[in-house]
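Worksheet: the structure to be examined is printed underneath.
Given the structure is predicted, the values throughout are model-derived calculations rather than measurements. Start at 1 with the first residue, then count along the sequence.
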Amino acid sequence: MVEPILKVEGLKTHFKLREGMLKAVDGISFSLAPDEVLCIVGESGSGKSVTAQSILRLIDPPGHIVEGHIRYRDKDLLALSEREMEKIRGDRIGMIFQDPMTSLNPVFTIGEQISEGLREHLDLKKNEAKSRAIELLRSVGIPHPEERYRDYPHHFSGGMRQRVLIAAAIACEPDILIADEPTTALDVTIQAQILKLLADVQKRLNSALILITHDLGVVASMADRVLVMYAGEMVEYGDVKTIFEDPKHPYTIGLMNSVIRLDDQRDDELRSIRGTPLVPINPPPGCSFRSRCDAALGVCESEKPRPSSVDGGHLVSCHLMRQGGAP
Ligand code: SF4
């Protein structure tokens with residue numbers, strides 16, 4: 001059994017809002033093997049991005065990590081000082097955000113921005129950092145990197161900016177890359193190129209990748225394992241084949257029924273999940289999905305389902321599992 005490079009246990013990140021306590025992430029656990037691609041899926045507001053930000057301890061007040069453990073190799077990330085954490089961020093764990101324009105500083109050239117990280121983390125001299133930055137830009141497909149090094153973010157298209165961000169994220173050859181909806185802000189044709197680049201980079205570095213997405217097509221083509229989130233909780237977790245071929249949680253089944261597949265044999269209509277996602281502010285007891293669930297039982301009103309193992313590493317949080325099966 002391969003030792004996980006990252007282990008998240010019982011992570012809870014809450015935000016104290018005027019309306020009440022937003023339980024953005026409420027008890028997430030998963031592990032990541034050294035070269036594994038984990039896709040975290042779910043609707044907007046399900047806690048995917050907050051999970052990623054929590055791993056890097058990028059949660060600002062009124063948000064707080066209130067419980068749990070995040071272990072990277074032999075380090076408990078929640079116990080590190082801010083200075084120690086800064087060395088992990090960008091060096092051992094690289095992050096690629098949704099919107100490259102807001103992630104890049106508009107007043108510095110992209111060369112300066114990549115070089116700065118290299119000098120800080122790898123202690124390179126100015127010229128060494130510049131050469132390495134140019135190589136990185138070339139490796140992510142930026143044409144004429146020597147000239148583009150001196151350009152500012154607004155001189156780049158959206159897709160090229162995302163390539164720059166990927167170059168910055170891999171500058172120190174991190175063990176883990178976290179990409180939060182990296183193609184959301186891009187045109188469809190560019191999305192495929194960026195995802196291919198991400199997959200190539202992950203293989204080249206032999207790193208682990210946590211990819212946050214709501215696109216099940218992307219999940220099918222890239223994931224080894226899948227974590228499905230709903231209202232801040234993990235509803236299902238397993239290898240990609242199991243999640244696609246034998247989903248157990250009513251929410252995962254609903255997600256699968258709402259996408260078109262090329263091999264579609266279904267004669268019934270595509271179905272969307274009825275109702276709207278629960279915003280987990282002071283969430284009521286019981287299952288967060290019950291107002292949208294056609295299979296709800298009496299117990300779902302009062303008791304929160306805990307993850308239970310269906311088959312090896314396949315975990316499902318649903319009372320139906322105790323009753324002997326899926327709906
Ligand atoms: Fe539906 Fe109950 Fe399962 Fe929740 S626990 S998904 S309400 S059956």
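Here the side chains of Ile59 and Phe15 are in contact, with some heavy-atom distance below 4.5 Å.
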| task | Give the intermediate values and the outcome of salt bridge (Lys or Arg N to Asp or Glu O under 4.0 Å) for residues Glu86 and Arg83. | result | CA-CA 5 Å; Glu86 268 168 23; Arg83 206 180 153 80; 5.9 Å; no
| field | Residues Thr213, Thr183; criterion side chain to side chain contact (heavy atoms under 4.5 Å, CB included); working and verdict | value | CA-CA 9 Å; Thr213 180; Thr183 59; over 6 Å; no
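In terms of heavy atoms, Ala220 sits closest to Val240 at CA-CG2, 4.4 Å. Nearest heavy atoms, Val25 versus His14: O-CD2, 3.6 Å.
When each of Lys203, Lys196, Arg204 is paired with Asp200, the salt bridge (charged side-chain N to carboxylate O under 4.0 Å, His left out) condition holds for Lys196 and for no other.
In this structure a side-chain-to-backbone donor-acceptor pair under 3.5 Å is missing from His69 to Asp76. In this structure, Arg290 contributes its side chain and Ala296 its backbone to no donor-acceptor pair below 3.5 Å.
Taking Ile, Leu, Val, Met, Phe, Trp and Tyr as hydrophobic and joining them when side-chain heavy atoms fall under 4.5 Å apart, one finds Phe108 in a cluster with Val107.
For the residue pair Glu43 / Ser46, no side-chain donor-acceptor distance below 3.5 Å is found, with atom types taken as modelled. In the model, Ser115 has a side-chain atom that pairs as donor or acceptor with a side-chain atom of Tyr149 under 3.5 Å.
For Arg138 and Glu146, the salt-bridge test passes: some basic side-chain N is under 4.0 Å from an acidic carboxylate O. Taking a cutoff of 4.0 Å between a charged side-chain nitrogen and a carboxylate oxygen, Glu82 and Arg57 qualify as a salt bridge.
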